[in-house]
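Numbers restart at 1 for each chain; the letters A, B, ... are given by sequence-line order, proteins then strands. Only this structure's heavy atoms are used, side chains among them; waters, hydrogens and symmetry mates stay out.
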Amino acid sequence: MAPILELQDVHAAYGRIEVLHGVDLAVPRGAVVALLGPNGAGKSTLLKVCSGRLRATSGHVHLGGSHVNDAAPDALARAGLCTIPEGRGIFPNLTVAENLRLSGLAGQASAAEIYETAFARFPRLAERYDQLAGSLSGGEQQMLAMARALVTDPAVLLVDELSMGLAPLIVRQLYEVLAQIAERGVTVVAVEQFADTALAVADFAAVMTQGRIVAFDEPGVVRRDLAELYLGGATV
Amino acid sequence: MALESSANGRGKARANVRRGGAAAAALVLAALAAPVSVAAADPAPSPSPSGGAGLGGWTLSASAAPFTMEIYDPKIPIPAMPGKPNLEFDFSYTRAGFGSGPTGAATASWVWPGDAIAFGLGQLFNSPNVKYPILTNVQYPGQTPDATMQPIPGSYMQSHTGADGSKSVSTFGLPLPGTGPALPGASSAPPTPAPSSSGSGLLGGLIGGALPLPQPRLPDLGTMLKFLTGQAALVDVQGERSESSTTVTGNKAVATAESDAGKLLILGGLIEFDGLKVTSQSTSDGTKGAATGNVDYGSMSVAGVPFGITANGIQTPFGMIALPQLPDAVNQVLAPLGITVTMPAASDVSKDTAGEMFSHGLQVTIDTAVLKKMLPLTPVLKQLVAQVPTQLTQQLPPQLSQAIGILPDLAPKIVMTIGSAKSKADASPAFDASSGGITGGSSPPPSSSGSTSAVGGNAGTTGGAVGGTTGGTGGGDSGGTVGGGTTGGSVGGGTVGGGTTGGGTTGAPNTPGGAPSSPPMQATASKAAPAAFGGLPGQLMAGAFAVACLAAWGLRKYSGLLFGGAGCEMGHSTGVPDLREVDE
């Protein structure tokens, strides 16, 4: 199966500081890939490059078999690449319904269809229909973020630190939802620091340290070598 | 400065200008007691000048001094503009100014210390009652159109200003020039003409022909010894006079300055000029300015050996020296001492309607910083300053006591100019209100709208009825725009022209005694505003904006298509596919 997302020798930098030092990664279509690694490894930067928010200084970014190095983020979003950024990225001063409608503007779906899609996956949000998003709990805000992504009908979903600031129970629930989304054929790349939770739902796991992918394998293999990988003792 | 009055064979009093601070103070005290006569003001001065009917506006200035010393040193606690001297002394200084309005000013001073001291002495002494005494200064309009002063016998200062122009005369030891008043206390004998021979001096020789060559004779060793033993001054000016006048007659504005040094002795008489005369005259008829200048040295002698100044240069007993070679040769010798000698020059900087001329005679520049390096003067000066009683310095104003303290550290640049005359005349043609245009000018430049504004004011005084512009040629349009409604109501018959640029077919009716309705510049601006954003220019601007927006959108949307993107070495196509429809 041809990978839907493929990176070859990708380098990226913030100004003069290079963060990615030649990343190679191939994400199969429909798979859930957990991108693991310690703080500062370059996981979030890699997602930015994939979503077009940061230009690769060199290397190739292929999406759906096309070269998308210079593609604009909005063009990629319309094409079906959706990102749930770290910190959720919701509009706290808009209601839940308004946040959902806003995300659906790019598509053809009506408001009713948007609500139906969102509330079917997250019934809790229906109860908070006209509540300001900023007044929701952390878990509910993350649900809203995921719901907004769902209403765009994504083909590839990039999730950055889904578990940040949430209770373990809530995190587990959210990952279950993520698995359900993947079952519909959506490719998921989830950046996560809590390896166990992510590996539980992932088809593959990649480990990043110091701007490079140092391991890419099935979750069981990665879990076994995780401690060593985090310490930089293993190579792919 | 010490001044010595003495009679010579020509029956003229002569003065030696010497250096010395104490003597200068004595002079000031003497001048305080000197009689000053101020003529009563004209009870009802005419608002319009006697001349100048053919001119709309003018600005004239003239100044002259037979001997000038300028001192440049930022440590001197006297404010000065950049490039201007901190301290200056002009002997027999005169200046005159005259502008359309009319306004005038005339100043004469036998020892002129510069504006800062002449008019700011009260501030220096922290007392408004302290005035610089050796000065006649009048303004028009003002209470004193005429002033005269005779500080000591043989000296005379006179200033006059009025609707007919301004004029100042200052003399010491020489008769008053031309038709000026008789010198009080002077001999009744007719004034002996200055020893200079018109048309035979340095520049005069260039024009009028050569002098007969003098016969060489032995140097005057006595004079040399006198200087070397310190009995003679660096520069002695025996007899000096200057006159500055500014006036307008008909359609011509004239500024004239003339300085005349009877006899000039440099280095204790080692070098002697007799009859040094510098003149400068600038004129303007409103359409073109012109200027003439002349430096006439009369005769010169060095160490008693007379030299003839001819068209070919300076005739010496050893042969002819071309004029351009003299400064170089002299400067090469004097350069190690920090002394530079500049030969006389007359600079004509006339431009457009303005005539301007600056003529000066021999100019000696002394860089005392160089001299101080060669001569260890600083310790000596410090010892002298240390001997000044503390009680005395405490009683002085702070500025003066500070000045005494920094005296040893001063290393000023001193520029001595022997004979200088400066004149400038600028005018614009009259505005004929009846025809609504500028008259008398063939092609006034459009850039002179500021001057033309005064033209409008003049038109108002005649009660013109129609504003706008029809007359003149060339730059007449701008004249009508500015002048049309400037000061029409100044005397009651005001006319506020409503003409825009090049228009002038309409005009507000006369408003007796009324003030001008609105500044014409504002009217012009308000009418120009819609034109700038409407019509074809506005459409072009909007069209260009739309095209730019379209191009930006197109580039953003189809940049990949247009330019092919960055390309892929792996052979993948460039572009963003719809991931939902990509085949597996």
Sub-4.5 Å side-chain heavy-atom contact between B:V576 and A:L76: yes
Minimal non-hydrogen separation, A:V68 against B:P577, with atom names: CG1-CD, 4.3 Å
Heavy atoms of other groups near B:F545 CZ, more than 12 under 6.0 Å: no
Among the listed options A:T187, A:L81, A:D153, A:V156, the residue most often paired with chain B at heavy-atom distances under 4.5 Å: A:D153
For chain B, the option from A:A79, A:G52, A:A75 that forms the most heavy-atom pairs under 4.5 Å: A:A79
Heavy-atom neighbours of A:K43 NZ exceed 12 at 6.0 Å: yes
A:E116 CD: over 12 foreign heavy atoms closer than 6.0 Å: no
A:Q210 CD: over 12 foreign heavy atoms closer than 6.0 Å: no
